[in-house]
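Okay, structure first, notes after.
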Protein chains: 2
Amino acid sequence: MALEHAILVSLAERSASGYELARRFDASIGNFWRASHQQIYKVLGRMEADGLVESRLVAQDHRPDKKVYALTEAGRDELRRFAVSPTPPEVLRSEFAVKLRALPFADRETTVADVRRRRQQHVEKLSYYEESAARFYPDPSAVADDELGAWLVLRGGLLAEQGGITWCDEILAALTGGNATPAPRSPARTGRRRSP
Amino acid sequence: MALEHAILVSLAERSASGYELARRFDASIGNFWRASHQQIYKVLGRMEADGLVESRLVAQDHRPDKKVYALTEAGRDELRRFAVSPTPPEVLRSEFAVKLRALPFADRETTVADVRRRRQQHVEKLSYYEESAARFYPDPSAVADDELGAWLVLRGGLLAEQGGITWCDEILAALTGGNATPAPRSPARTGRRRSP
DNA sequence: AGGAGCATGTAACTAGTTACATGATTGT
DNA sequence: ACAATCATGTAACTAGTTACATGCTCCT
């Protein structure tokens with residue numbers, strides 16, 4: 001179960017309360033692994049029972065107390081074990097692909113509008129990644145060793161969004177006959193177009 | 001819940017028993033939506049109770065009877081509703097990305113070997129998609145209307161695998177100093193490439 | 001004799017989602 | 001006065017996984 005490992009990784013970078021973890025899962029880590037606060041609290045409870053993390057209560061001024069979780073030695077061990085375990089091939093699970101297969105049941109205009117919306121989402125996410133990259137890693141040839149993982153993940157996100165845009169452009173070309181969106185970011189042509 | 005819709009799509013293409021559906025989910029549809037036979041039987045049961053599908057028992061020679069499921073009119077309605085519903089943005093969930101973040105807890109050789117294995121898996125899947133494309137759609141400029149969805153999904157799979165290979169190459173370059181794998185299939189530079 | 005394929009499921013469990021619940025502080 | 005942020009959870013449910021169970025036929 002990978003949420004456990006995502007939490008271990010996050011806590012290894014910096015100890016945090018459940019709430020703080022939940023916010024990380026809305027942002028940085030959340031770009032490749034989502035989790036709700038409810039789920040995080042649940043898993044943290046189990047992880048503490050299993051001895052992977054330990055908590056201490058921290059009182060705060062003008063704010064509720066918080067329970068700050070930190071890795072235990074067992075947690076660090078588990079993280080090491082995980083880090084060197086072989087990665088099982090990931091199965092992609094795309095509701096969008098299911099919908100493409102349902103094309104004959106939709107009308108073209110609705111589908112085209114939906115794909116354009118989806119493309120726009122990819123473009124926005126891509127800009128967000130590009131801004132992050134420019135801000136945090138202005139010189140990609142000199143990424144520090146302890147930032148390498150985060151940098152590579154960011155690169156993966158970037159590549160995925162670019163791929164998503166290319167896919168949308170191909171779909172739009174196929175659905176509209178090839179003269180649809182100008183597609184400024186990615187040329188999107190692989191040679192096949194269905195022109196009338 | 002998208003398994004339901006994947007089943008509707010599959011049954012719309014051709015009526016089938018649970019067993020046959022399970023095999024489709026091991027192959028074609030399974031490339032973008034996995035499901036075990038247990039899960040399929042369970043969901044089929046519910047869908048029949050909900051009136052989306054109906055079954056009839058078919059006796060066979062030298063083989064167990066089978067229950068062949070077909071869409072009902074309500075099922076077709078639901079499929080139409082689904083086909084025109086807006087696609088929620090998909091969250092990618094990558095255990096591999098979590099592992100990249102855990103890089104400081106692994107040793108480099110193990111990671112490099114793991115990434116190479118992963119790259120190889122992408123290459124194999126890509127060849128498989130390319131073979132499928134060559135076999136079923138020898139002329140991409142003339143894909144029939146009723147095949148368009150399947151073709152576009154195949155294109156998406158292809159793009160995803162190519163992206164995965166590019167990502168692996170970047171990771172290997174970062175981990176080994178840039179002179180690692182020859183990377184015949186994808187040049188792997190910083191993402192934007194355009195070959196003739 | 002043994003394994004693969006055909007065919008259907010149940011039971012127990014884990015993971016994740018949605019809805020609900022509480023209560024203080026800070027900003028508009 | 002109302003919403004947002006901080007902070008922690010419980011309860012009910014849905015989706016998916018893993019293990020188990022049965023029995024027939026065809027091939028080697």
Side-chain angles (χ1 to χ4, degrees), chain A residues 1-8 15-27 29-30 32-50 52-69 82 88-95 98, chain B residues 1-8 11 15-27 29-30 32-50 52-53 55-69 82 88-95 98:
Chain A
M1 148 221 5
L3 174 54
E4 213 170 70
H5 295 130
I7 288 176
L8 286 174
S15 295
S17 67
Y19 186 84
E20 286 161 345
L21 278 174
R23 275 186 307 150
R24 292 186 200 166
F25 277 87
D26 284 340
I29 313 170
F32 53 91
W33 202 274
R34 286 265 155 204
S36 62
H37 72 103
Q38 293 95 327
Q39 181 71 2
I40 288 168
Y41 285 122
K42 207 190 290 182
V43 173
L44 274 176
R46 187 186 55 211
M47 288 170 76
E48 185 161 31
D50 292 347
L52 299 174
V53 298
E54 59 191 3
S55 65
R56 85 205 139 80
L57 211 62
V58 175
Q60 300 182 106
D61 284 346
H62 315 301
R63 278 190 218 177
D65 296 354
K66 61 178 176 178
K67 255 160 88 177
V68 173
Y69 289 88
F82 166 71
E90 269 161 70
V91 194
L92 60 95
R93 198 160 248 221
S94 167
E95 190 166 337
V98 176
Chain B
M1 151 217 8
L3 174 54
E4 213 171 72
H5 296 129
I7 289 177
L8 286 173
L11 288 180
S15 295
S17 68
Y19 186 84
E20 286 161 344
L21 279 174
R23 274 186 308 150
R24 292 185 200 168
F25 277 87
D26 283 340
I29 314 170
F32 54 90
W33 202 274
R34 287 264 156 207
S36 63
H37 71 102
Q38 294 94 326
Q39 181 71 2
I40 289 167
Y41 284 123
K42 206 189 291 183
V43 172
L44 275 176
R46 187 185 54 211
M47 288 169 76
E48 184 161 31
D50 292 348
L52 299 174
V53 298
S55 66
R56 86 208 138 81
L57 211 62
V58 174
Q60 300 181 106
D61 284 345
H62 316 301
R63 278 189 217 177
D65 297 354
K66 61 178 178 178
K67 254 159 89 177
V68 174
Y69 289 87
F82 165 71
E90 270 160 69
V91 194
L92 59 97
R93 198 161 250 222
S94 168
E95 190 165 338
V98 176

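In what follows, chains are A, B, ... by sequence order, proteins preceding strands, each numbered from 1. Note that the coordinates shown come from a computational prediction; the quantities given were computed from them, not determined experimentally.
Looking at heavy atoms from C-beta onward, A:Tyr69 lies out of side-chain contact with A:Ile7 at the 4.5 angstrom threshold. Considering only heavy atoms from C-beta on, A:Val91 stays 4.5 Å or farther from B:Phe32 through its side chain. When side chains are defined from C-beta on, B:Trp33 does not count as touching A:Leu92, because their heavy atoms never get closer than 4.5 Å.
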Along nucleotides 22-28 of chain C, 5' to 3', which nucleotides get a B, which get an S, and which get a -, given that the test is a protein heavy-atom distance under 4.0 Å?
-B-SS--
Where protein sits on nucleotides 8-14 of chain D, one letter per nucleotide: B base, S sugar-phosphate only, - none, heavy atoms under 4.0 Å:
BBB----
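Each end of the helix from C:dA1-D:dT28 to C:dT28-D:dA1 gets its own axis, taken as the rotation carrying the C1' atoms of four end pairs onto the next four within a five-pair window, and the two axes meet at 30° to the nearest 10 degrees.
Atom CZ in B:Arg56 sits roughly 17 Å away from atom C1' in C:dT8 (whole-Å rounding). Atom CD in B:Gln39 sits about 16 Å away from atom P in D:dA19, given to the nearest Å. Across the protein-nucleic acid pair, B:Leu44 atom CG and C:dA7 atom C1' stand 13 Å apart, rounded to whole Å. Atom CD in A:Glu95 sits roughly 10 Å away from atom P in D:dG16 (whole-Å rounding).
Here the closest non-hydrogen pair linking B:Ala16 and B:Leu21 is CB-CG, 4.2 Å.
Each salt bridge (charged side-chain N to carboxylate O under 4.0 Å, His left out) pair with one or both residues in residues 16-25 of chain A, not counting sequence neighbours, appears once here: A:Glu20-A:Lys66.
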Report, one line per pair, each donor and acceptor closer than 3.5 Å where one atom sits in a side chain of residues 39-49 of chain B; sequence neighbours left out.
unit_1, atom_1, unit_2, atom_2, d
B:Arg46, NH2, B:Glu4, OE2, 3.3
B:Glu48, OE2, B:Ser55, N, 3.1
B:Glu48, OE2, B:Ser55, OG, 2.8

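Checking the phosphate oxygens (OP1, OP2) of C:dG5, no side-chain nitrogen or oxygen of B:Arg23 falls inside 4.0 Å. For C:dG16, the OP1/OP2 oxygens have a side-chain nitrogen or oxygen of B:Arg93 closer than 4.0 Å.
Remark: B:Asp65 pairs with B:Leu57, B:Ala59 by the side-chain contact (heavy atoms from CB on, under 4.5 Å) rule, at least two apart or across chains. For A:Glu90, the salt bridge (charged side-chain N to carboxylate O under 4.0 Å, His left out) partners are B:Arg118, not counting sequence neighbours. Considering only residues two or more places apart in sequence or on other chains, B:His5 meets the side chain to side chain donor-acceptor pair (under 3.5 Å) condition with B:Glu78.
Put simply, CD on A:Glu54 and OG on A:Ser15 are 9.0 Å apart, with the number rounded to the nearest 0.5 Å.
B:Arg93 places a side-chain N or O within 3.5 Å of a backbone atom of A:Arg34 that can act as its donor or acceptor partner.
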